Amino acid sequence: MAVEPLSKKDVEERLQELPGWSTDGDRITRRYTFDGHFQAAAMVIHIAQIQEELNHHSDLTLGYNTVTLAVNTHSVGGKVTGLDVELARRIEAVAPGHGAR
């Protein structure tokens, strides 16, 4: 997986394939909403498993019925890389199964 920083244009183009994801400075972010706390907590555990598979760990916040992510690659100065986009893609793939909106 590429660990080179992506240009702002590249990030924006790749995020077009990931509804709900947006840029916030030098990171990509997404907030999911759930019917309750248990569904949100289950999603956090699933995201943690994906992060372990990729050996790429993002900021992840659990609220009562929300999960918020802020993703960038610290080893390239906190910029967005292809690895960040891949993490977002994998999370998007599992989110519907948890009832995420």
Side-chain angles (χ1 to χ4, degrees):
M1 185 58 49
V3 290
E4 296 290 323
L6 297 173
S7 71
K8 185 173 182 167
K9 180 182 177 191
D10 284 341
V11 172
E12 290 171 0
E13 286 175 359
R14 292 177 189 211
L15 290 186
Q16 289 178 5
E17 301 171 9
L18 297 167
W21 285 85
S22 60
T23 58
D24 180 13
D26 286 335
R27 58 189 180 171
I28 57 174
T29 63
R30 176 74 154 96
R31 181 178 183 196
Y32 295 98
T33 303
F34 302 84
D35 288 336
H37 184 70
F38 184 81
Q39 291 89 348
M43 178 72 168
V44 166
I45 297 301
H46 205 154
I47 291 170
Q49 291 172 326
I50 294 167
Q51 291 173 331
E52 282 297 306
E53 289 170 9
L54 292 174
N55 192 28
H56 189 56
H57 306 88
S58 63
D59 291 336
L60 178 60
T61 305
L62 172 63
Y64 164 70
N65 68 338
T66 61
V67 173
T68 306
L69 292 114
V71 183
N72 61 9
T73 302
H74 300 286
S75 64
V76 295
K79 304 292 184 185
V80 177
T81 67
L83 188 55
D84 301 310
V85 176
E86 179 61 20
L87 177 61
R89 279 191 184 118
R90 291 190 188 192
I91 293 168
E92 279 298 302
V94 301
H98 291 281
R101 308 185 290 279

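All of these numbers come straight from a predicted model, not from anything done at the bench.
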Practice problem: Kindly indicate whether the side chain of Thr68, heavy atoms from C-beta on, has any atom under 4.5 Å from the side chain of Thr29. | Solution: no
Quiz item: How about His57 and Asn55: do any of their side-chain heavy atoms sit closer than 4.5 Å?
Solution: yes
Quiz item: Do Val44 and Val94 belong together in a cluster built from hydrophobic side chains that touch within less than 4.5 Å?
Solution: yes
Practice problem: First locate atom CD1 of Ile47, then atom CD of Glu52, and finally report the distance between them rounded to the nearest 0.5 Å. | Solution: 13.5 Å
Practice problem: For Asn72 and Gly78, indicate whether the former's side chain and the latter's backbone hold a donor-acceptor pair under 3.5 Å. | Solution: yes
Quiz item: When rounded to the nearest 0.5 angstrom, what distance separates OG in Ser7 from NZ in Lys79?
Solution: 11.5 Å
Quiz prompt | Plane angle bin for Tyr64 and His37 - parallel if under 30°, tilted between 30 and 60°, otherwise perpendicular | solution = parallel
Exercise. Could you go through the side-chain contact (heavy atoms from CB on, under 4.5 Å) check for Val76 and Glu4 one step at a time?
Key: CA-CA 7 Å; Val76 295; Glu4 296 290 323; over 6 Å; no
Practice problem: Looking only at non-hydrogen atoms, find the nearest pair between Gly63 and Ala40 and report the distance. | Solution: O-CB, 4.4 Å
Practice problem: State, to 0.1 Å, how close His98 and Ala42 come at their nearest heavy-atom pair, and which atoms those are. | Solution: CE1-O, 3.8 Å
Practice problem: Compare all side-chain heavy atoms of Leu69 with those of Trp21 and state whether any distance is below 4.5 angstrom. | Solution: yes
Exercise. Hey, could you give me the CG/CD1 distance between Leu60 and Ile91, rounded to the nearest 0.5 Å?
Key: 7.5 Å
Self-check item: Residue from His56, Arg27, Arg14 passing side chain to side chain donor-acceptor pair (under 3.5 Å) with Asp84
Solution: His56
Quiz prompt | Shortest non-hydrogen contact between Phe34 and Val67, atoms and distance | solution = CE1-CG2, 3.6 Å
Quiz item: Rounded to the nearest 0.5 Å, what separation is found between the CG atom of Leu6 and the CG atom of Asp26?
Solution: 11.5 Å
Quiz item: Would you say Met43 and Leu62 make side-chain contact, with heavy atoms under 4.5 Å?
Solution: no
Quiz prompt | Pair Gln51-Leu87, side-chain contact (heavy atoms from CB on, under 4.5 Å): steps then yes or no | solution = CA-CA 7 Å; Gln51 291 173 331; Leu87 177 61; 4.0 Å; yes
Self-check item: Stepwise salt bridge (charged side-chain N to carboxylate O under 4.0 Å, His left out) test for Asp35 and Arg101
Solution: CA-CA 9 Å; Asp35 288 336; Arg101 308 185 290 279; 2.8 Å; yes
Practice problem: Find out whether Glu92 and Glu17 are in side-chain contact, i.e. whether some heavy atom of one side chain is under 4.5 Å from a heavy atom of the other. | Solution: no
Self-check item: Euclidean distance, Glu86 CD relative to Ile50 CD1, rounded to 0.5 Å
Solution: 9.5 Å
Quiz item: Can you tell me if Glu12 uses its side chain to pair, donor with acceptor, with the backbone of Lys9 under 3.5 Å?
Solution: no
Self-check item: Side-chain heavy atoms of Arg90 within contact of Leu54, under 4.5 Å
Solution: yes
